[in-house]
*Asks:* 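Below is the structure I would like to discuss, written out as structure tokens.
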There are 2 protein chains.
Amino acid sequence: MAKAKFTTSQDAITAILNESIPLFAKNGFSGVSIRHVSKAVGISIATLYHHFPDKKTLYLKSIERAFSDKAEGLTDVNNTPGTKEERLKLFILRFTELMSGDPNFRLLLQRELLDADNSRLQLLAEQVFKEQFQNVLNLAKEISPKCDPHLMAISIVGLILFHLETTPIRMYLPEGREEHNQPEVIAHHVYVLLTEGLLKNGGLKCSD
Amino acid sequence: MAKAKFTTSQDAITAILNESIPLFAKNGFSGVSIRHVSKAVGISIATLYHHFPDKKTLYLKSIERAFSDKAEGLTDVNNTPGTKEERLKLFILRFTELMSGDPNFRLLLQRELLDADNSRLQLLAEQVFKEQFQNVLNLAKEISPKCDPHLMAISIVGLILFHLETTPIRMYLPEGREEHNQPEVIAHHVYVLLTEGLLKNGGLKCSD
DNA sequence: GTCTATATACCGATAGAC
DNA sequence: GTCTATCGGTATATAGAC
């Protein structure tokens, strides 16, 4: 008889998700097989199917687990003291550090934007991102009341995410340097760009 | 004997790539099988293998074909007449329209950023994007000489690409509207954001 | 809770005829 | 240039013992 590797079903499920999350983040849904996951955990395929009914459910539970952890990572920055500029700066820094600190979350998000159907996108938007996006929306309204808040909120998070997204190809592009990948450098660049624009005073003072 | 569907090998290759490009864009490398592609083209698997040695080569040739078409789409906007603001505006509009006009190119690019190894990213950077990126770099240097040009160039294209990337989830996020997906709306928003920043005159004049 | 063994389908790739 | 037929491997998923 095979000895029990995990005492409770929850332990086994957690161990499986701990392996499946990075695998799905790196290789996508169809790039990961049940065999890969079960081998990474150190259990048989049948054992994995004992805990998850099918591959799709395993994927969705992986997404769920990976995303639920992050929902609390960004507390409401609108409730912190300070001017609107300070709160914007704080949000950008926190969001950049959060996203660069956990690559799995960002990679899974990007893959979902590519692969998910409308029902799953709706689920993500309404049950995962809604609250956090609303915070950015409020910040955008306060800082730039005349502009479309939705477009502005997308731009704020998009600037940060795209810099992280292009990290692997940067060093091969002209004038790309290693330091461009540091969260603090990205956050500072995004903050200055957003607050001052390109043309003010003949160009940004990125050395500030 | 089976009748010849294509007279020349080039015709067959073009027909195959015409089907494989959108399939790879939508489903990724491991989400597409040789069977899918051959069925979509209307030929047998063996015929496909007569034109391409293996699946990986088919994928790389698909990328190559899809990307080569776009290299000329963006002519050097720095050589057009007008002020730097006008040239920035022109670049943003052209780039936005180019990217929203051919979803396959953008989707393949995003998938490559997720899936490609370093050698393929280097190939993409140096043989596909180098020249165009250099143009954006020059524009960034001229417009914002005090700021890091690399970071600024990434920000300019990133703003546009992220708005397109999030198109499918927008309508499910707070205050998302259908018109936010129009290329002209995105381009105008990006231009105003870049040139004026968030805080100037108490907020952007997005209605201009 | 975990296993071995197996069912069934699909995968990438090839052989050889026409 | 295209096909049918097929190989060996792997995919997801299940049955049933312990």
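All heavy atoms count here, side chains included; hydrogens, waters and symmetry mates do not. Each chain gets a letter, A, B and so on, in the order the sequences are listed, and its residues count up from 1.
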*Asks:* Under 30°, 30 to 60°, or over 60°: which ring-plane class applies to B:Phe67 and B:Phe105, parallel, tilted or perpendicular?
*Replies:* perpendicular
*Asks:* Rounded to whole Å, please give me the gap between CG in A:Asp11 and P in C:dG1.
*Replies:*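 Nearest whole value for this atom pair: 9 Å.
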*Asks:* Which nucleotide in the list D:dC3, C:dT4, C:dG1 gets nearest to the side chain of A:Ser9?
*Replies:*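 So the side chain of A:Ser9 is nearest to C:dG1.
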*Asks:* Does B:Arg170 pair with B:Glu175 as a salt bridge, N-O distance under 4.0 Å?
*Replies:*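 A salt bridge is absent here (no side-chain N lies under 4.0 Å from a carboxylate O).
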*Asks:* Taking B:Arg106 first and then B:Glu165, would you say they form a salt bridge - that is, a charged N and a carboxylate O separated by under 4.0 Å?
*Replies:* no
*Asks:* Using atom CZ of A:Arg35 as one end and atom C1' of C:dT6 as the other, report the distance to the nearest whole Å.
*Replies:*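 Going from A:Arg35 (CZ) to C:dT6 (C1'), I get 11 Å.
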*Asks:* Nearest whole Å is fine: how far is C:dA13 C1' from B:Leu58 CG?
*Replies:* 13 Å
*Asks:* Would you classify B:Val32 as touching base, sugar-phosphate or nothing, given that sugar-phosphate means primed atoms plus P, OP1 and OP2, and contacts are heavy atoms under 4.0 Å?
*Replies:* sugar-phosphate
*Asks:* Figure out the NZ/P separation between A:Lys5 and D:dC18, and round it to whole Å.
*Replies:*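 One finds 23 Å between P of D:dC18 and NZ of A:Lys5, rounded.
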*Asks:* Report the distance from atom CG of A:Asn27 to atom P of D:dA11, rounded to the nearest whole Å.
*Replies:*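 From A:Asn27 CG to D:dA11 P: 12 Å.
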*Asks:* Using a 4.0 Å heavy-atom cut-off across all strands, classify B:Ser33 as base, sugar-phosphate, or nothing.
*Replies:* sugar-phosphate
*Asks:* With respect to the side chain of A:Ile34, which nucleotide from D:dT12, C:dA13, C:dC3 is positioned closest?
*Replies:*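 Of D:dT12, C:dA13, C:dC3, D:dT12 is nearest to the side chain of A:Ile34.
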*Asks:* Among the nucleotides D:dT14, D:dT12, C:dT2, which one has an atom lying closest to any side-chain atom of A:Ala46?
*Replies:*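 For A:Ala46, the side-chain atoms sit closest to D:dT14.
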*Asks:* Examine C:dT2: is either OP1 or OP2 under 4.0 Å from a nitrogen or oxygen in the side chain of A:Ser44? Give yes or no.
*Replies:*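 Indeed not, no polar side-chain atom of A:Ser44 lies that close.
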*Asks:* Rounded to the nearest angstrom, tell me the gap between atom CZ in A:Phe29 and atom C1' in D:dT12.
*Replies:*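 Whole-Å distance recorded here is 10 Å.
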*Asks:* Figure out the CD1/P separation between A:Ile45 and C:dT8, and round it to whole Å.
*Replies:*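 Value for this atom pair: 17 Å.
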*Asks:* Which listed nucleotide (C:dT2, D:dT4, C:dA13) is nearest to the side chain of A:Phe6?
*Replies:*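 Minimum distance to the A:Phe6 side chain belongs to C:dT2.
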*Asks:* Please report the distance, rounded to the nearest Å, between CD1 in A:Ile16 and C1' in C:dT2.
*Replies:* 11 Å
*Asks:* Can you tell me which nucleotide in C:dA13, C:dT2, D:dA11 comes closest to the side chain of A:Ala12?
*Replies:* C:dT2
*Asks:* Would A:Lys26 and B:Asp115 pass as an ion pair if we require N to O under 4.0 Å?
*Replies:* no
*Asks:* Do A:Lys5 and A:Asp11 sit within salt-bridge range, that is, some charged N less than 4.0 Å from a carboxylate O?
*Replies:* no
*Asks:* When you measure from the side chain of A:His51, which nucleotide among D:dG1, D:dT12, C:dT2 comes out closest?
*Replies:*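 Comparing D:dG1, D:dT12, C:dT2 against the side chain of A:His51, the answer is C:dT2.
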*Asks:* Closest approach to the side chain of B:His50, judged atom by atom: which nucleotide of D:dG1, C:dC3, D:dT12 is it?
*Replies:* D:dG1
*Asks:* Nearest to the side chain of A:Ile43, which nucleotide is it out of C:dC3, C:dT14, D:dT10?
*Replies:* C:dC3
*Asks:* Out of C:dC3, C:dC11, D:dT14, which has the shortest distance to the side chain of A:Tyr49?
*Replies:* D:dT14
